[in-house]
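A quick write-up on the structure given underneath.
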Amino acid sequence: MIKESYQQLWQDSKKYLELRYDLLRVELLEKISLISALLLTAVVAILLGTIIFTYLSILLLLWLETLLGSMIYGLCIVIAIHLGLFACIFAFRKQWFINPLVRQFSKIIYSDKKREEEVEL
């Protein structure tokens with residue numbers, strides 16, 4: 001009787017550990033998928049932003065050339081605008097880029113399903 005209950009306890013414990021391991025794998029897969037999607041979205045947004053920024057810079061250069069009559073002056077103005085934008089981006093890089101990314105990563109990594117369900121109720 002005692003031997004059978006120990007065997008049953010051992011089998012139940014083994015089954016429990018297998019289920020916990022499977023749950024951990026599924027949760028890890030979900031988190032990796034969410035992080036991959038976030039990174040892919042960021043890369044696509046950066047690429048599209050770069051393309052749009054390049055075309056707008058060329059458009060501004062051509063417009064300034066017709067307005068000022070010299071491509072050199074237009075190019076100097078566009079470069080000054082680029083340097084100003086670079087300085088702003090560099091100055092606010094933590095607030096605009098690093099902190100939001102860290103916040104999103106921490107939401108994904110440290111998300112708790114039970115807490116999320118309680119908040120939804």
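The only option from Leu48, Thr41, Ile46 that meets the side chain to side chain contact (heavy atoms under 4.5 Å, CB included) definition with Val44 turns out to be Leu48. If you run side chain to side chain contact (heavy atoms under 4.5 Å, CB included) between Ser36 and each of Leu38, Leu34, Leu40, Ile32, only Ile32 comes through. Paired with Thr54 under the rule side chain to side chain contact (heavy atoms under 4.5 Å, CB included), one option of Ile52, Ile51, Thr50 passes, and it is Thr50.
By the 4.5 Å heavy-atom criterion applied to side chains, Lys31 and Ser111 are counted as neighbours.
For the pair Arg93 and Phe90, the distance from NZ or CZ to the six-membered ring centre is under 6.0 Å and the angle to the ring normal is within 45 degrees.
The two residues Phe97 and Ile89 have their closest heavy-atom pair at CE1-CG2, 3.6 Å.
Taking hydrophobic clusters as Ile, Leu, Val, Met, Phe, Trp and Tyr residues chained together by side-chain heavy-atom distances below 4.5 Å, Ile108 does not share a cluster with Leu28. Note on Ile81: it clusters hydrophobically with Leu68, by side-chain heavy-atom contacts below 4.5 Å among ILVMFWY residues. Ile35 and Val102 fall into different hydrophobic clusters, where Ile, Leu, Val, Met, Phe, Trp and Tyr side chains are chained together by heavy-atom contacts under 4.5 Å. Hydrophobic clustering keeps Leu85 apart from Trp96 (ILVMFWY residues linked when any side-chain heavy atoms are closer than 4.5 Å, directly or through intermediates).
To the nearest 0.5 Å, atom CE of residue Met71 and atom OG1 of residue Thr66 are 10.0 Å apart. A distance of 11.0 Å separates OH in Tyr21 from CD in Glu18, rounded to the nearest 0.5 Å. The CG atom of Leu83 sits 11.0 Å away from the SG atom of Cys88 when rounded to the nearest 0.5 Å.
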Distance-only criterion, 3.5 Å: show the donor-acceptor pairs between side-chain atoms of residues 55-65 and protein atoms not counting sequence neighbours.
unit_1, atom_1, unit_2, atom_2, d
Ser57, OG, Phe53, O, 2.8
Ser57, OG, His82, NE2, 2.8

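When hydrophobic residues (I, L, V, M, F, W, Y) are linked wherever their side-chain heavy atoms come within less than 4.5 Å, the members clustered with Leu47 are Val43. In this structure, Ile72 stands alone, with no Ile, Leu, Val, Met, Phe, Trp or Tyr side-chain heavy atom under 4.5 Å from its own, directly or through other members.
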Next on the checklist: Quick one, Leu19 with Leu23, criterion side-chain contact (heavy atoms from CB on, under 4.5 Å). Give me CA distance, side-chain angles, the key distance, then yes/no.
Outcome noted: CA-CA 6 Å; Leu19 290 173; Leu23 178 64; over 6 Å; no

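Shown here is Glu4, whose CD atom has no more than 12 heavy atoms of other residues, nucleotides or ligands within 6.0 Å.
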